Amino acid sequence: MDDNALLKVGRGVLRSEAESILGAVDKLGTDFCGAVGLVLSHRGKLMISGVGKSGLVGQKIAATLSSTGTPAVFMHSCDAAHGDLGVYEPGDPTLLISNSGTTVECLRLIPTLKKFQSKIIALVGNIDSPLAKSADFVLNAGCASEADRLGIVPTNSTTLALALGDALACALMEARGFSRNDFAKFHPAGQLGRNLLLTVADVMNKLPDCAVVKADSTIRQTVIEMTRKPLGAACVLNEDGSLEGIVTDGDLRRMLQNVVDIDATKCSSIMTVSPVKIGPKASLGDAVDLMEKRKSRISVLPVVENEKCVGLIRLHDIYQPQ
């Protein structure tokens with residue numbers, strides 16, 4: 001196949017999966033609200049079960065729920081009948097996932113789950129299936145077909161099931177008033193937790209460790225200072241310590257494309273006046289947003305407090321290994 005043919009397949013799959021999700025929007029109704037209310041009112045955990053691709057979807061949904069304030073445990077439907085049901089406590093609701101709604105391993109669980117006083121949420125592709133008819137609440141994950149050429153590979157159905165799991169998790173987040181701080185509690189490690197829990201002051205380079213020049217410093221003086229303290233930028237400060245501008249390594253490289261006298265040219269001719277800056281109490285996530293969510297990304301920010309420059313923070317400082 002040539003590249004055009006491959007692109008046609010790839011784009012067709014993305015379009016088909018997107019259309020499947022859009023087609024499910026208006027199908028959400030009272031059962032979705034009932035499922036949210038059921039989970040919200042239960043003080044224990046939500047059990048999630050399925051087999052095959054549905055089981056993998058269930059694992060992801062359980063992980064998303066657990067990380068957003070709703071305790072959830074995935075249990076493979078085959079293992080449930082061989083001892084894993086011991087994880088249940090009376091009243092724990094169950095989310096059973098099956099595209100066909102006829103998965104034998106799931107159906108076999110229903111009588112036992114009812115003995116555990118477990119109300120059942122069915123996430124199914126067929127709302128007329130035995131599983132759907134046995135459930136207390138039904139989430140409709142039905143789609144016209146799969147996205148592959150043969151129409152048999154779990155693609156649209158699994159994407160839609162994942163999306164419905166996300167919808168459930170996000171609705172529960174809103175109902176619980178789940179905050180950024182709550183999210184940080186469940187993500188103490190990794191970059192997500194780092195961005196939420198740490199502030200700029202925790203990782204920034206303090207002013208004594210930064211290159212500092214004046215607007216009338218020469219380019220040579222600026223280069224020497226930036227070489228002594230190689231953080232990728234120099235803070236251009238006024239006499240009172242306030243920030244007048246910043247000179248970056250990129251500014252120097254662009255300047256050297258022209259013929260200049262580095263002993264006569266002033267720093268003020270190449271510095272960025274009134275640069276983007278941040279306060280020391282801001283989160284690392286805020287700093288990342290300022291540097292990366294812009295048309296032209298930047299890799300260093302001056303840190304300013306009470307109108308005085310107190311240091312620099314770089315993307316390198318934010319993304320350094322744990």
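Keep in mind that what you see is a predicted model, and the values were worked out from it rather than measured.
No donor-acceptor pair under 3.5 Å is formed between the side chain of S268 and the backbone N or O of D216. Checking side-chain atoms of K27 against main-chain N and O of G142 turns up a donor-acceptor pair under 3.5 Å. The main-chain N or O of A63 is found under 3.5 Å from a side-chain atom of S67 such that the two form a donor-acceptor pair. The closest donor-acceptor contact from the side chain of T218 to the backbone of Q221 lies under 3.5 Å. With D148 contributing its side chain and G151 its backbone, the two residues share a donor-acceptor pair below 3.5 Å. For T265 (side chain) and I262 (main-chain N/O), no donor-acceptor pair under 3.5 Å exists by modelled atom type. A donor-acceptor distance shorter than 3.5 angstrom exists from the side chain of T64 to the backbone of K60, with no hydrogens or angles considered. Judged by distance alone, with hydrogens and angles left aside, the side-chain atoms of N126 form no donor-acceptor pair with the main-chain N or O of G101 at under 3.5 Å. S20 places no side-chain N or O within donor-acceptor distance of the main-chain N or O of A18, the cut-off being under 3.5 Å. Side-chain atoms of E105 do not come within 3.5 Å of backbone N or O of C78 as any donor-acceptor pair.
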| request: Go through D84 and H76 one step at a time and tell me if the side chain to side chain contact (heavy atoms under 4.5 Å, CB included) criterion holds. | output: CA-CA 8 Å; D84 283 7; H76 197 283; 5.8 Å; no

| Stepwise side chain to side chain contact (heavy atoms under 4.5 Å, CB included) test for I121 and V39 | CA-CA 10 Å; I121 304 166; V39 177; 4.1 Å; yes

| request: Decide yes or no on side-chain hydrogen bond (donor to acceptor under 3.5 Å, both in side chains) for N156 and S16, but give the supporting numbers first. | output: CA-CA 7 Å; N156 289 344; S16 181; 2.9 Å; yes

| request: Mind running side-chain hydrogen bond (donor to acceptor under 3.5 Å, both in side chains) on S98 and S54 for me, showing each step along the way? | output: CA-CA 6 Å; S98 168; S54 293; 5.6 Å; no

| field | Verdict with reasoning, L123 to L95, per side chain to side chain contact (heavy atoms under 4.5 Å, CB included) | value | CA-CA 7 Å; L123 200 168; L95 173 65; 4.0 Å; yes

| field | Test salt bridge (charged side-chain N to carboxylate O under 4.0 Å, His left out) applied to D286 and K281, step by step | value | CA-CA 10 Å; D286 292 334; K281 295 180 181 179; over 6 Å; no

| field | Test log, rule side-chain hydrogen bond (donor to acceptor under 3.5 Å, both in side chains), inputs S242 and E307 | value | CA-CA 6 Å; S242 60; E307 299 184 359; over 6 Å; no

| CA sep, side-chain torsions, deciding dist, call: M204, T199, side chain to side chain contact (heavy atoms under 4.5 Å, CB included) | CA-CA 9 Å; M204 75 179 194; T199 66; over 6 Å; no

| query | Given S157 and E146, is the side-chain hydrogen bond (donor to acceptor under 3.5 Å, both in side chains) satisfied, shown in steps? | reply | CA-CA 7 Å; S157 57; E146 299 291 2; 2.6 Å; yes

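Annotation for M291 and V300: closest pair SD-N, 3.8 Å, computed over non-hydrogen atoms.
With respect to the salt-bridge test (charged N to carboxylate O, under 4.0 angstrom), the residues K214 and E239 qualify. In summary, D92 and K45 engage in a salt bridge, as defined by a charged side-chain N under 4.0 Å from a carboxylate O. One finds a salt bridge joining D317 and R314 here, because a Lys/Arg side-chain nitrogen approaches an Asp/Glu carboxylate oxygen to under 4.0 Å.
Once rounded to the nearest 0.5 Å, the distance linking CD1 of I278 with CG of L290 reads 5.0 Å. In this structure, CG in L96 is found 6.0 Å from CD1 in I110, a value given to the nearest 0.5 Å.
Cluster membership for V36 and I120, using ILVMFWY side-chain heavy atoms within less than 4.5 angstrom, is not shared. Transitive grouping of hydrophobic side chains (ILVMFWY, heavy atoms separated by less than 4.5 Å) keeps M173 and L168 in distinct clusters.
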